[in-house]
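We count residues from 1, following the sequence as given.
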Amino acid sequence: MGCQRSGTTLLSKLFDEVFSCAVYGEYSAFSNQDTYRLRLNDLSSVVEALENIKIPTVILKPLVESQNANVLLESIPQSSVIWMYRNPFEVASSSINKFGIHEGAINKIRPLYDSEFAKNPWTTWLTEKVNPEHIEHFRPYFDLAMNPNDAAMIFWYLRNVQYFENSLQGNERVMLLNYEQLLLHGKEISAKISRFLGRKIDLNVAKVERQTAALELNVDSAIQSKCFELYERFKSIENNENIVSPQNRL
């Protein structure tokens, strides 16, 4: 879970190379009842399908459901969450480079401020469970002609703050993972994931080439400050995280 363009596809591919893992991406049998194949199917059918999979570790990537992390943890037995996060500048740059200034940035927050646009059925996850206080905080910045970097950074904040809106900090079934640390310290992170999941998982991070980092973007200073405050808060929590294996959880 986490914000799009934060390295979740990379992590999924690394899991997919592990013999004991079955990986299901955003478009999978677990979301095939949705018109756009993004939203998860009814949770009872998801749980039933998971119970029929005999492979030890099943990985799902329902990024558009990150705002429902608590619901999924409560509904899916023996489930855990890895919440990936990445430098806000890098995420914003990656999103715009891949999807353009509209789909990759402005349209990601537009449903919150444009009621007509929000009627598009594919926008449901973009408005679901967003704290009204956050919406109002960023309202002065929204405009169809706004700086797309600002829009992408706001989207980064709104998706990642869901970690705290769901009170996931301190939850032993949730692990924070920094994209940068995964690339720089692959063996250590692989061992950390293994402890978290309670089984040995060897991720072959050595072969992964790091993408060029966006060191700085032209972004409103107040938006930048708010995003990086959250980013540093994530890093502080991850550094102090006490990973407890499933066998030792009460």
Before we go on, tell me: are the rings of Phe138 and Tyr113 under 6.0 Å apart, centre to centre?
no
Are Ile101 and Phe89 in one and the same hydrophobic cluster, where Ile, Leu, Val, Met, Phe, Trp and Tyr link if side-chain heavy atoms are under 4.5 Å apart?
no
Tyr179 ring center near Tyr85 ring center (under 6.0 Å)
no
Atom of Ile96, atom of Ala105 and distance for their closest heavy-atom approach:
CG1-CB, 4.0 Å
Would you check if the distance from the ring center of Tyr27 to the ring center of Tyr36 is below 6.0 Å?
no
In the structure I gave you, are the side-chain heavy atoms of Thr35 and Trp122 within less than 4.5 Å of one another anywhere?
no
Chi angles and distances behind the side chain to side chain contact (heavy atoms under 4.5 Å, CB included) call for Ser45, Phe30:
CA-CA 8 Å; Ser45 66; Phe30 290 95; over 6 Å; no
Check whether more than 12 heavy atoms from other residues, nucleotides or ligands sit under 6.0 Å from atom CD of Glu229, and answer yes or no.
no
Could you pull out the closest heavy-atom pair between Leu144 and Ile106, with the gap in Å?
O-CD1, 3.6 Å
Given side chains that start at C-beta, do those of Met84 and Leu176 come closer than 4.5 Å, heavy atoms only?
no
Should Ser79 and Leu72 count as side-chain neighbours, where that means a heavy-atom distance under 4.5 Å?
no
Going by distance alone, is a donor N or O of one side chain under 3.5 Å from an acceptor N or O of the other, for Gln162 and Gln67?
no
Contact summary for Pro111 and Leu126, nearest pair of heavy atoms
CG-CD1, 3.9 Å
Could you tell me whether Tyr157 and Tyr231 have their ring centroids closer than 6.0 angstrom?
no
With a 4.5 Å limit on heavy-atom distance, are the side chains of Val174 and Leu73 in contact?
yes
Note: Ala29 and Arg37 closest approach over all heavy atoms is N-NH2, 4.1 Å
Output for pair (Leu11 CG, Leu203 CG), nearest 0.5 Å, gives 6.5 Å
With distance as the sole test, does Arg173 use its side chain to make a donor-acceptor pair with the main-chain N or O of Val81 at under 3.5 Å?
no
Heavy-atom side-chain proximity of Tyr141 to Asn147 below 4.5 angstrom:
no
Under a plain distance cut-off of 3.5 Å, with no hydrogens placed, do His134 and Glu165 share a side-chain donor-acceptor pair?
yes
Atom pair NZ (Lys187) and CG (Asn204), whose distance is rounded to the nearest 0.5 Å
10.0 Å
Between atom OH of Tyr24 and atom OG of Ser31, what is the distance when rounded to the nearest 0.5 Å?
12.0 Å
Ser20 versus Lys200, side-chain donor and acceptor atoms under 3.5 Å:
no
Side chain to side chain contact (heavy atoms under 4.5 Å, CB included) between Leu60 and Val58: does it pass, once the steps are laid out?
CA-CA 7 Å; Leu60 303 183; Val58 181; 4.3 Å; yes
Kindly confirm or rule out a cation-pi arrangement of Lys108 over Phe99, judged by NZ or CZ under 6.0 Å from the six-membered ring centre and within 45° of its axis?
yes
Under 3.5 Å, side chain of Arg159 to main-chain N/O of Leu63, donor-acceptor pair present?
yes
Do the side chain of Trp156 and the main chain of Arg86 share a donor and acceptor less than 3.5 angstrom apart?
yes
Derivation of the side chain to side chain contact (heavy atoms under 4.5 Å, CB included) call for Glu180 and His185
CA-CA 8 Å; Glu180 184 90 359; His185 307 287; over 6 Å; no
Asp220 side chain to Ile223 backbone, donor-acceptor under 3.5 Å
yes
Backbone N or O of Leu43 within a donor-acceptor pair of the Ser75 side chain at under 3.5 Å?
no
Taking the side chain from Ser93 and the backbone from Glu90, do they hold a donor-acceptor pair closer than 3.5 Å?
no
Are any of the side-chain nitrogens in Glu238 or Lys235 under 4.0 Å away from the carboxylate oxygens of its partner?
no
In terms of side-chain heavy atoms, does Asn32 have a donor or acceptor partner in Asn41 at a distance below 3.5 Å?
yes
Between the side chains of Lys129 and Asn68, does any donor sit under 3.5 Å from an acceptor?
yes
Test your reading of the model: is there a side-chain donor-acceptor pair from Asn171 to the backbone of Ser167, 3.5 Å cut-off?
no
Give a yes/no verdict on a cation-pi contact between Arg233 and Phe164, requiring under 6.0 Å between NZ or CZ and the six-membered ring centre and an angle within 45° of the axis.
yes
If I take atom CG from residue Leu14 and atom CG from residue Leu182, how far apart are they, to the nearest 0.5 angstrom?
6.0 Å
CG (Leu184) and CG (Asn178) are apart, to the nearest 0.5 Å, by 8.5 Å
Could you state the interatomic distance from CD1 (Ile201) to NZ (Lys192), rounded to the nearest 0.5 Å?
15.5 Å
Can you give me the closest heavy-atom contact between Pro77 and Val47, atom names plus distance?
CD-CG1, 4.1 Å
Is there a donor-acceptor contact under 3.5 Å linking the side chains of Arg5 and Ser94?
yes
Could you walk me through whether Ile154 and Met146 satisfy the side chain to side chain contact (heavy atoms under 4.5 Å, CB included) test, starting with their C-alpha distance in whole Å, then the side-chain angles of each, then the deciding distance to 0.1 Å, before giving a yes or no?
CA-CA 12 Å; Ile154 291 172; Met146 71 185 295; 4.2 Å; yes
Exactly one of Glu65, Glu26, Gln33 should register a side-chain hydrogen bond (donor to acceptor under 3.5 Å, both in side chains) with Arg39. Which one does?
Glu65
Any donor and acceptor pair, going by atom type alone, linking the side chain of Asp150 with main-chain N or O of Val219 inside 3.5 Å?
no
What one should report as the nearest heavy-atom pair of Glu172 and Phe196 is O-CE1, 3.5 Å
Less than 4.5 Å apart, side chain to side chain, heavy atoms only: is that true for Asn166 and Val71?
no
Side-chain donor-acceptor pair present, Thr57, Arg199, cut-off under 3.5 Å:
yes
Side-chain donor/acceptor of Asp114 to backbone N/O of Phe117, under 3.5 Å:
yes
Donor-acceptor contact present, side-chain Ser225 to main-chain Ser221, <3.5 Å:
no
Heavy atoms, side chains only, cut-off 4.5 Å: are Ile189 and Leu177 in contact?
yes
Do Met153 and Phe228 come close enough that some side-chain heavy atom pair is under 4.5 Å?
yes
How far apart are the C-alpha atoms of Thr9 and Lys61, what are their side-chain angles, what is the distance that settles it, and do they pass the side chain to side chain donor-acceptor pair (under 3.5 Å) test?
CA-CA 8 Å; Thr9 297; Lys61 197 183 82 162; 2.8 Å; yes
